[in-house]
There are 2 protein chains.
Amino acid sequence: MRLGETMLAEIFGVSRTRVREAMMKLEARGIVHVSARRGWFVVEPSADDARAAFHARKVIEAGMLMAVGTIPQPALAALRAHVREEEDIVRSGSVHDRTCALGDFHIHLADALSNPLLTEIIRDLTARTVLVSMLYQSVDDAASSNADHAAILDAMEAGRNAEAATLMAEHIGRVEGGLDLSTKPDPLAGLKEILSPAAAARPSVLTRSPS
Amino acid sequence: MRLGETMLAEIFGVSRTRVREAMMKLEARGIVHVSARRGWFVVEPSADDARAAFHARKVIEAGMLMAVGTIPQPALAALRAHVREEEDIVRSGSVHDRTCALGDFHIHLADALSNPLLTEIIRDLTARTVLVSMLYQSVDDAASSNADHAAILDAMEAGRNAEAATLMAEHIGRVEGGLDLSTKPDPLAGLKEILSPAAAARPSVLTRSPS
DNA sequence: TCCACCAATCTTGCATACAAGCGAATTGAG
DNA sequence: CTCAATTCGCTTGTATGCAAGATTGGTGGA
């Protein structure tokens, strides 16, 4: 999926300079990469890259849950509200909406439990794994993920943070397990929907750039 | 500490375009920031930023040790060699060499235990906390840090990963505790030495850019 | 008919030129 | 003497121009 500088410059009505800047920012976040004198491409993570991203998420998100002390009541309530909203979207939303809602849970969790720095790291890692899911034709068992989120939140509300951490690691492992990392990726499987203009009109914390 | 584009362009014999690109890469990694039409500056993390960076390191590095299974013998041997080298440098090296050697331990550890993605994240976070240490006049108890590293490695060699994780969290907490986060930072405390040409001649995994 | 080679075209990489804005120094008034 | 306002210079922000390289289409030969 090639992203030509000139093309993007025309689409957005800016000069190539600004397009290049934006691309290099995205490159630093691991979303696109540049092939010398050939152009910019949305990254197509290898199976190893995919495993690395899921492993990093397990380590960081479980570590975060282990490290946190008591969680403020309002934060728990906000997360519970998100999970409930998630449930609705899983039932009736589009693939894109489901993907965003499920990803947002992890980011909101990080935001509630930790600091902006870790949240940003988790945001980029989540975006990476979402990309992987698109590439490797995930089974996309959204209902199961939603149930996992609810269970994690249950443990947190009960003050069993260690259990929540274990559940989180298992949950991320389950998402990874739903992928077929043995076959070659299908380059354009679901990317078009994720990156479509219609999708851009419904922003998510996943696609929002760090402030 | 201002970094003029023109000045850097002359020093490195390239055009401002390339300097700007490099600066924006560094900005994405949280090393420098740009003030509109005033120039680029090495970041001066606030006390809150400093705490966030140490917290993130605790979560990630402890989480990594918790998640790892059995560690290959050669990796342990390499780490042991590093700790011994570290001991020599702590005894006889300059402040700069000590800082780099102590930081390198964490990066080599990540490299041995985990994947390139996590290693890169930890590298940037470590660079950030080193910057903080320079700014906030750390007590710089290098010998104590070296002993901590040895103890962490002891636990790993004995297969007590959970204990290693705890020790790591305590170690990072100790480094953080050695800082005086209540006073205003001294902008140029030790930065000049770290960023000096002489220092650049002795590269470290800390300063090396991600490949 | 198929393959190899060559040229034309398109793309990025990099430097330079111009515009816009912030800051410091100077000048004037109180 | 002090303080404020204005102007000048230096810095970044942005666009454009040119060169190097890769890809693709065409052509010639086997």
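To find a chain, count down the sequence lines: A is the first, B the second, and so on, and within it residues start at 1. Scope of the values below: all heavy atoms of this structure, side chains included, with no hydrogens, waters or symmetry mates.
Side chain of B:Asp141 to main chain of B:Gly178: no donor-acceptor pair is present (N/O by atom type, distance under 3.5 Å, no hydrogens or angles).
Running 5' to 3' along DNA chain D, contacts with non-hydrogen atoms of chain B at under 4.0 Å begin and end at D:dT11 to D:dT14.
The residues B:Glu86 and B:Arg98 are annotated as not salt-bridged, no charged nitrogen and carboxylate oxygen being separated by less than 4.0 angstrom.
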Sugar-phosphate atoms are those with a prime plus P, OP1 and OP2; base atoms are the rest. Using that split, label each nucleotide of nucleotides 6-14 of chain C B, S or - for protein heavy atoms under 4.0 Å, 5' to 3'.
-----SBBS
When you look at B:Val132 and B:Leu179, which way does the side chain to side chain contact (heavy atoms under 4.5 Å, CB included) test go after all the steps?
CA-CA 9 Å; B:Val132 166; B:Leu179 305 180; 3.5 Å; yes
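Atoms CG and CG, on B:Leu117 and A:Leu125 in that order, are 5.5 Å from each other to the nearest 0.5 Å.
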Ignoring hydrogens and angles, write down the donor-acceptor pairs under 3.5 Å from the side chains of residues 34-43 of chain B, residues two or more places apart or on other chains.
from, atom 1, to, atom 2, distance (Å)
B:Ser35, OG, B:Arg38, NE, 3.2
B:Trp40, NE1, B:Glu5, OE2, 2.9

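Between A:His108 and A:His82, the two ring planes are perpendicular [angle over 60°; tilted spans 30° to 60°].
Taking the six-membered ring where the residue is Trp, the centroids of A:His171 and A:His106 are separated by under 6.0 Å.
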